[in-house]
Amino acid sequence: MRLRIPTEMGGPGGPFTNPEQLFATGYASCFHRALKVVAARHKVDVSDSAVTARVGIGLDGKGGFGLKVDLEAELPDVERATAEELVAKAHQVC
């Protein structure tokens, strides 16, 4: 796998994978597994669920870089209040 530093960090970017994308993939996968475990404990079917992670990187204001992660969980056919509870509990697990 060919990796390139993102343009936000002064690298060439381009159509290559970068470490932040790999982090996003791993984090989304971990969170999705945690969500499924929590849902199973509460007997809620989330078999059609999906989790997307969007990772950004930029200056942190202290001379370094920081990651920003936005997670989006899709839980079709699960009431919003229940979905929010499951996501909050999954956050504690992952």
Side-chain angles (χ1 to χ4, degrees):
M1 178 176 296
R2 294 177 57 169
L3 301 176
R4 292 290 185 266
I5 297 172
T7 55
E8 297 87 350
M9 293 182 67
F16 299 99
T17 300
N18 63 59
E20 293 72 29
Q21 291 169 325
L22 296 174
F23 174 78
T25 301
Y27 192 26
S29 178
C30 174
F31 192 86
H32 199 196
R33 173 55 52 202
L35 179 62
K36 288 180 177 184
V37 167
V38 168
R41 289 180 187 158
H42 288 82
K43 300 185 183 337
V44 177
D45 180 13
V46 295
S47 56
D48 291 331
S49 63
V51 173
T52 302
R54 290 179 184 81
V55 174
I57 190 164
L59 296 174
D60 66 4
K62 300 174 188 173
F65 291 94
L67 290 175
K68 177 184 176 204
V69 180
D70 292 318
L71 288 176
E72 180 180 307
E74 298 174 47
L75 288 81
D77 303 320
V78 177
E79 291 183 18
R80 184 173 184 91
T82 301
E84 288 176 354
E85 179 183 351
L86 294 174
V87 166
K89 289 182 178 182
H91 179 69
Q92 297 302 314
V93 172
C94 186

Donor-acceptor pairs are to be reported for all side-chain atoms of residues 28-37 against protein atoms at under 3.5 Å, with residues two or more places apart or in another chain.
from, atom 1, to, atom 2, distance (Å)
His32, NE2, Ser49, O, 3.4
His32, NE2, Ser49, OG, 2.8

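Closest heavy-atom contact between Ala83 and Val78: N-CG1, 3.7 Å. The minimum heavy-atom distance between Leu86 and Ala39, with the atom names listed, is CD2-CA, 3.9 Å. Minimum heavy-atom separation, Leu71 to Ala53: CD2-CB, 3.5 Å.
The side chain to side chain contact (heavy atoms under 4.5 Å, CB included) test applied to Gln21 returns Thr17, Asn18, not counting sequence neighbours. Looking at residues two or more places apart in sequence or on another chain, you find a side-chain hydrogen bond (donor to acceptor under 3.5 Å, both in side chains) between Asp45 and Ser47. With sequence neighbours left out, Arg2 forms a side chain to side chain contact (heavy atoms under 4.5 Å, CB included) with Arg4, Phe16. Every residue two or more places apart in sequence or in another chain was checked for a side-chain hydrogen bond (donor to acceptor under 3.5 Å, both in side chains) with His91, and none qualifies. With sequence neighbours left out, the side chain to side chain contact (heavy atoms under 4.5 Å, CB included) criterion links Thr7 to no other residue.
We find the CD-CG distance between Glu74 and Asp48 to be 10.5 Å, quoted to the nearest 0.5 Å. Distance check: Asp60 CG to Lys68 NZ gives 14.5 Å after rounding to the nearest 0.5 Å. One finds the NE2 atom of His42 at 5.0 Å from the CD atom of Glu85 (value rounded to the nearest 0.5 Å).
Looking at Asp77, Leu75, Thr82 one by one, the single match for side-chain contact (heavy atoms from CB on, under 4.5 Å) with Val46 turns out to be Leu75.
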